[in-house]
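Notes for the one structure printed next.
Computed from a prediction, not measured in an experiment: that's the story for all the values here.
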Amino acid sequence: MKKTPILRYLAFWLTTLLVFCLLQIAFLPRGEVLRWRNFYALPRNTVDVVFLGTSHAYHSFNPEVIDDILPITSHSLGIPGDNIQIVYHEIRSILRSQQPDLILVDAFSLSMSNWLDGPYIYRFLNASFAPPNIISAADILFKNDYDWWNYFPLIRNNQDWKNLDKLMSNPVSNTPPEYPENPQGHAPLTTIITDADFAAIPMEDFLPLPEHYLTYLQKVIDTTRKENVQLAFVDTLWKGFENPFYDLYDRSKEFRLLSKEAIPYYDFRTYPLAYDWSQIHMYDRDHPSEFGSLIISVRTAELISTMLGLPIDQQKLAWYQNFYFDEFSLVQDADQITLSLVPANPAAPLYYRWQLLAWDEASPLSEAIFTDEPFVTLETPAPGSYRIAVAITQPGGDYELEGRFALFITEP
């Protein structure tokens, strides 16, 4: 029996679509999807706590610190610019392989406007180009009037075709990670915000919240409740936000819904979780440095202990609290510069490794200086922009706290 033209055309287009979809896997850039790939590779039902949301989540919570204090296994996930619509699909993806006791969602995601869905949803979807994630993409992209064909990596990475040899030689890893890979998802931010940026932190105007955000927040609540997973929202360390391309949504309706549904909300910027935050704790206007992240992580361990009724290793808790710092000062003249840190516990047995770096933080310009004092004095370098790097350790563990402080030398 002769095939009809319609069947031949249908077979041709179905085959073409199948081949095209299979090709996508070869063109998935790595970028920040490593934290999701690592999560998907974990054995089933081995994660107790998941941190989810925007970049605030994986820059603020360090699972290695938290798990060292508590008898749990935790993981930091999320994507830059995450919003509650994407969070819903991320939670559904998490629950396909894990049954955590608690999901802590970065509440900044409640404010994020949806212009980021198009470019940034791929950080989550790239980790597994699978049917469930394709369905998530359709739900997110179609409902926000995006061009659906731009979802495919082969098309959206068209800028990589400019370096075709590199792309074809190793297409899966053509894009390097943006942060050092951490098996539990934490992305450390070691640079400290500059004096000028810290002094000029703005606050963003808020836009009215789209109604479908409330719908997806309700879906998040219903889904976790159905799966018997505790849900809580938390704001980490952000003081202001400035972006010329978009605004933030007003969260008041979402907070009223959280209150109505008895979903806990915690804020590290206010009592009782707050610390006396200062410049040393900030990477930029809305992300903590590692100095801030360490404090947030330790206090999160205490919070989780209360929420889940878990014992705290008090010795480990006190050990990490020795890494708390309150301030820093940088004094310079024509001959020398002195950078001083102010530890919260002056008696803490801390060791410091100091070094002058080029502004790119990659090129050392001095030998490392080892001391047990929280300050260093260096010869004033030639006019230019530099970083002073410090790595802080103490006996009893292998955690290392790092910081990079801006140094600007002008012509006399």
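Between His281 and Phe291, the distance separating the two ring centers is not shorter than 6.0 angstrom. Proximity of the aromatic rings of His59 and Tyr283 is defined here by a centroid distance below 6.0 angstrom, and this criterion is not met. Ring to ring, Trp359 and Tyr386 are not that close: their centroids are 6.0 angstrom or more apart. Aromatic ring centres of Phe206 and Tyr249 lie farther apart than the 6.0 Å criterion allows. Taking the centre of each ring, Phe370 and Tyr352 stay at or above the 6.0 Å mark. Checked against the 6.0 Å centroid criterion, the rings of Tyr266 and Phe233 do not qualify as a close aromatic pair. For Tyr58 and Phe51, the ring centers are positioned 6.0 Å apart or more.
Looking only at distances, no side-chain donor or acceptor of Trp354 sits under 3.5 Å from a matching main-chain atom of Glu367. Checking side-chain atoms of Thr223 against main-chain N and O of Val220 turns up no donor-acceptor pair under 3.5 Å. Arg299 contributes a side-chain N or O that, together with a main-chain N or O of Leu273, makes up a donor-acceptor pair within less than 3.5 Å. Of the possible polar contacts, none joining the Ser293 side chain to the Pro188 backbone as a donor-acceptor pair under 3.5 Å is found. Looking only at distances, no side-chain donor or acceptor of Arg353 sits under 3.5 Å from a matching main-chain atom of Thr371. With Ser297 contributing its side chain and Ser60 its backbone, the two residues share a donor-acceptor pair below 3.5 Å. Checked by atom type and distance alone, the side chain of Asp326 never pairs as donor or acceptor with a backbone atom of Val342 at under 3.5 Å.
The pair Arg251-Asp235 meets the salt-bridge criterion, since a charged nitrogen lies less than 4.0 angstrom from a carboxylate oxygen. Under 4.0 Å is where a charged nitrogen must lie from a carboxylate oxygen, and between Glu402 and Arg404 at least one such pair does.
Judged by distance alone, the side chains of Tyr40 and Ser93 do bring a donor and an acceptor atom under 3.5 Å apart. For the residue pair Thr377 / Thr338, a side-chain donor-acceptor distance below 3.5 Å is found, with atom types taken as modelled. Between the side chains of Asn228 and Gln99, no donor-acceptor pair of N or O atoms lies under 3.5 Å. Side chains of Glu327 and Gln279: a donor-acceptor N/O pair is absent below 3.5 angstrom, by distance only. A donor-acceptor pair shorter than 3.5 Å cannot be found between the side chains of Asn45 and Gln98. A side-chain N or O of Ser74 and one of Asp67 form a donor-acceptor pair less than 3.5 Å apart. Between the side chains of Thr54 and Asp106, a donor-acceptor pair is found at a separation under 3.5 Å.
Taking the side chain as every heavy atom from C-beta outward, Pro63 and Ile72 never approach each other to under 4.5 Å. Looking only at side-chain heavy atoms (C-beta outward), Arg225 and Leu231 stay at 4.5 Å or farther from each other. Considering only heavy atoms from C-beta on, Glu290 stays 4.5 Å or farther from Leu294 through its side chain. Within the 4.5 Å cutoff, the side chain of His287 has no heavy atoms near those of the Met282 side chain. Ile369 is listed as a side-chain neighbour of Leu378, based on a closest heavy-atom distance under 4.5 Å. A 4.5 Å side-chain heavy-atom check between Thr236 and Phe61 finds at least one atom pair inside the cut-off. Using a 4.5 Å heavy-atom threshold, the side chains of Val390 and Phe405 count as touching. The shortest distance between side-chain heavy atoms of Asp267 and Val234 does not fall below 4.5 Å.
Atom OH of residue Tyr320 and atom CG of residue Leu401 lie 11.5 Å apart, to the nearest 0.5 angstrom. Between the CD1 atom of Ile84 and the CG atom of Leu217 there is a distance of 5.0 Å, given to the nearest 0.5 Å. To the nearest 0.5 Å, atom OG of residue Ser305 and atom CD1 of residue Ile66 are 12.0 Å apart. Rounding to the nearest 0.5 angstrom, the gap separating the OG1 atom in Thr306 from the CD1 atom in Ile312 is 6.5 Å. Taking CG of Leu330 as the reference point, atom CD1 of Ile192 lies at 12.0 Å (rounded to 0.5 Å). Atom-to-atom distance recorded for Ser259:OG and Tyr265:OH is 12.5 Å, nearest 0.5 angstrom.
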Candidate pair Glu361 and Thr191, rule side-chain hydrogen bond (donor to acceptor under 3.5 Å, both in side chains), full reasoning: CA-CA 9 Å; Glu361 304 185 35; Thr191 303; 2.7 Å; yes
Stepwise side-chain hydrogen bond (donor to acceptor under 3.5 Å, both in side chains) check, Asn83 with Ser109: CA-CA 4 Å; Asn83 64 39; Ser109 60; over 6 Å; no
Residue pair Asp101, Gln230: steps toward the side-chain hydrogen bond (donor to acceptor under 3.5 Å, both in side chains) verdict: CA-CA 6 Å; Asp101 296 316; Gln230 288 195 50; over 6 Å; no
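A cation-pi arrangement, defined by a distance under 6.0 Å to the six-membered ring centre and an angle within 45 degrees of its axis, is absent between Arg285 and Trp238.
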